[in-house]
Amino acid sequence: MPNIFQVRTITNGFTGAPGYTQHYFSADGASLGAQDAVDAVRTFWEAVAVQMPTSWIYSIDADVPVLNDSTGALQSVEATTPGTQSVFGDAAAYAGGVGAVTKWLCNEVHGSKRLTGRTFVVPLNSTKYDSTGTIVTSALTALRTAATDLAGHPDFGVWGRPIAGANGLFGLCVASNVRDHVAWLS
């Protein structure tokens with residue numbers, strides 16, 4: 001069974017923090033390994049950071065677990081050197097736990113459903129909403145561009161965990177979508 005890299009990001013500096021986000025990459029793929037996966041995740045967060053409040057910060061774990069995609073068993077841990085955050089948002093007000101969500105699509109079927117994943121991008125600052133309560137065009141465009149760029153990484157994908165006795169499954173991401181709707185964590 002193939003191995004996958006699990007890149008974990010921790011976000012802080014907002015009501016409801018910390019936030020934990022996992023991104024997965026094929027460890028047997030075409031990229032240069034765990035460092036390339038960490039760099040791709042950093043590029044994603046740097047692209048969306050300007051949409052967040054000034055207080056929002058992220059950090060990517062330097063240790064990247066290598067998991068068996070069928071069982072989730074830890075195979076090894078690879079050391080990386082994540083870059084630090086260099087892009088920050090503005091001082092506008094925000095609502096904790098409210099923002100946007102990126103949906104990651106794969107062609108594989110896990111169980112009886114298409115394998116998909118989600119990354120919550122919260123909190124967006126208040127200037128990123130329009131008068132109808134949806135996301136302003138400029139912010140939506142920036143979020144969609146960041147998602148498209150990460151989805152285009154040759155080894156980025158979604159991991160469906162083992163469930164009800166069935167093996168886990170990793171699928172490469174073939175598309176992303178950021179809807180013009182507000183998402184919230186509950």
**Student:** Tell me whether V101 is reachable from V98 by hopping between hydrophobic residues (I, L, V, M, F, W, Y) whose side-chain heavy atoms are closer than 4.5 Å.
**Tutor:**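 No, V98 and V101 fall in different hydrophobic clusters.
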**Student:** Taking D180 for the side chain and I135 for the main chain, is one N or O donor matched with an acceptor at less than 3.5 Å?
**Tutor:**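 Checking the backbone N and O of I135 against the side chain of D180, a donor-acceptor pair under 3.5 Å is found.
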**Student:** State the NE2-CG distance between H153 and D39, to the nearest 0.5 angstrom.
**Tutor:**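 The NE2 atom of H153 sits 8.5 Å away from the CG atom of D39.
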**Student:** I want to check something: taking the side chain as every heavy atom from C-beta on, are F25 and I4 in contact at a cut-off of under 4.5 Å?
**Tutor:** no
**Student:** For the backbone of G133 and the side chain of D130, can you confirm whether one donor and one acceptor N or O come within less than 3.5 Å of each other?
**Tutor:**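 Checked: pair present.
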**Student:** In terms of relative ring orientation, are W45 and W56 parallel, tilted or perpendicular, with 30° and 60° separating the classes?
**Tutor:**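 Answer is tilted, since the angle falls between 30° and 60°.
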**Student:** Taking all atoms of both residues into account, what is the closest heavy-atom pair of A49 and Q85, and its distance?
**Tutor:**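 Looking at all heavy atoms of both residues, the shortest contact is CB-NE2, 4.3 Å.
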**Student:** Does any non-hydrogen side-chain atom of E108 lie less than 4.5 Å from one of L172?
**Tutor:** no
**Student:** Assess the residue pair T9 and V41 against the criterion (side-chain contact (heavy atoms from CB on, under 4.5 Å)); give the C-alpha distance rounded to whole Å, side-chain angles, the decisive distance to 0.1 Å, and a yes or no.
**Tutor:** CA-CA 8 Å; T9 305; V41 170; 3.5 Å; yes
**Student:** When rounded to the nearest 0.5 angstrom, what distance separates SG in C106 from CG in L169?
**Tutor:**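 If I round to the nearest 0.5 Å, the distance is 8.5 Å.
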**Student:** Applying a strict under-4.5 Å side-chain criterion to I, L, V, M, F, W and Y, I'd like to know whether V48 and L140 cluster together.
**Tutor:**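 Yes, one cluster joins them.
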**Student:** Minimum heavy-atom separation for Y94 and G96, please, with both atom names.
**Tutor:**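 So the minimum-distance heavy-atom pair works out to CD1-N, 3.7 Å.
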**Student:** Is there a side-chain contact between D155 and F5, using heavy atoms and a 4.5 Å cut-off?
**Tutor:** no
**Student:** Less than 4.5 Å apart, side chain to side chain, heavy atoms only: is that true for T21 and Y58?
**Tutor:**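 Heavy-atom side-chain distance check fails, nothing below 4.5 Å.
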**Student:** Within this structure, what is the CD-OG distance for the pair E46 and S86, rounded to the nearest 0.5 Å?
**Tutor:** 3.5 Å
**Student:** Tell me, do L74 and L67 make a side-chain contact under 4.5 Å, heavy atoms counted?
**Tutor:** yes
**Student:** Could you tell me whether a side-chain N or O of R144 sits under 3.5 Å from a main-chain N or O of V178, the two making a donor and an acceptor?
**Tutor:**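 Side chain of R144 to backbone of V178: a pair is present.
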**Student:** Are the side chain of T80 and the backbone of Q35 linked by a donor-acceptor contact shorter than 3.5 Å?
**Tutor:** no
**Student:** Assess whether atom CZ of R114 is packed by more than 12 heavy atoms of other residues, nucleotides or ligands within 6.0 Å.
**Tutor:**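 Count over threshold, so yes.
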**Student:** So H23 and F156, would you call those rings parallel, tilted or perpendicular, with 30° and 60° as cut-offs?
**Tutor:** tilted
**Student:** Looking only at atom types and distance, does a side-chain atom of S126 sit under 3.5 Å from a main-chain N or O of A93, one as donor and one as acceptor?
**Tutor:** yes
**Student:** Identify whether W184 and L124 are in the same connected component of the hydrophobic contact network (ILVMFWY, side-chain heavy atoms under 4.5 Å).
**Tutor:**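 Yes: a chain of side-chain contacts under 4.5 Å links W184 to L124.
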**Student:** For the pair H110 (side chain) and R161 (backbone), establish whether a donor and an acceptor sit closer than 3.5 Å, ignoring hydrogens and angles.
**Tutor:** yes
**Student:** Return the minimal non-hydrogen interatomic distance between A91 and T54, and the atom names on each side.
**Tutor:**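 Looking at all heavy atoms of both residues, the closest pair is N-OG1, 3.1 Å.
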**Student:** Any idea which heavy atoms bring G13 and A17 closest together, and the distance?
**Tutor:** N-CB, 4.0 Å
**Student:** Between Q75 and N68, which heavy-atom pair has the shortest distance, and what is it?
**Tutor:**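 Nearest heavy atoms, Q75 then N68: NE2-CB, 3.4 Å.
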**Student:** V182 and Y129: side-chain contact (heavy atoms from CB on, under 4.5 Å), yes or no, with the steps?
**Tutor:** CA-CA 9 Å; V182 174; Y129 302 105; 3.6 Å; yes
**Student:** Do V38 and V64 have side-chain heavy atoms sitting under 4.5 Å apart?
**Tutor:** yes
**Student:** Under 4.5 Å between any side-chain heavy atoms of I57 and M52, yes or no?
**Tutor:** no
**Student:** Picking from T119, T116, N177, what satisfies side-chain hydrogen bond (donor to acceptor under 3.5 Å, both in side chains) with W104?
**Tutor:**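 Among T119, T116, N177, the one that satisfies the side-chain hydrogen bond (donor to acceptor under 3.5 Å, both in side chains) with W104 is T119.
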**Student:** Please step through side-chain contact (heavy atoms from CB on, under 4.5 Å) for the pair N125 and Q51, ending with a clear verdict.
**Tutor:** CA-CA 6 Å; N125 70 46; Q51 311 305 323; 6.0 Å; no
**Student:** Nearest 0.5 Å, please: how far is OG in S76 from CG in N3?
**Tutor:**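 Rounded to the nearest 0.5 Å, the CG-OG separation comes to 7.0 Å.
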**Student:** Testing the basics here: between I60 and P82, what is the closest heavy-atom pair and its distance to 0.1 Å?
**Tutor:**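 Looking at all heavy atoms of both residues, the shortest contact is O-CG, 3.3 Å.
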**Student:** Applying side-chain contact (heavy atoms from CB on, under 4.5 Å), run through L115 and F170 and close with a yes or a no.
**Tutor:** CA-CA 8 Å; L115 187 59; F170 176 79; over 6 Å; no
**Student:** Looking at CG of L150 and OG1 of T145, how far apart are the two atoms once the value is rounded to the nearest 0.5 Å?
**Tutor:** 12.5 Å
**Student:** Any side-chain heavy atom of R8 within less than 4.5 Å of one from I10?
**Tutor:**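 With C-beta onward as the side chain, the pair touches.
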**Student:** Rounded at 0.5 Å granularity, tell me how far CG in L143 sits from CZ in R179.
**Tutor:** 14.5 Å
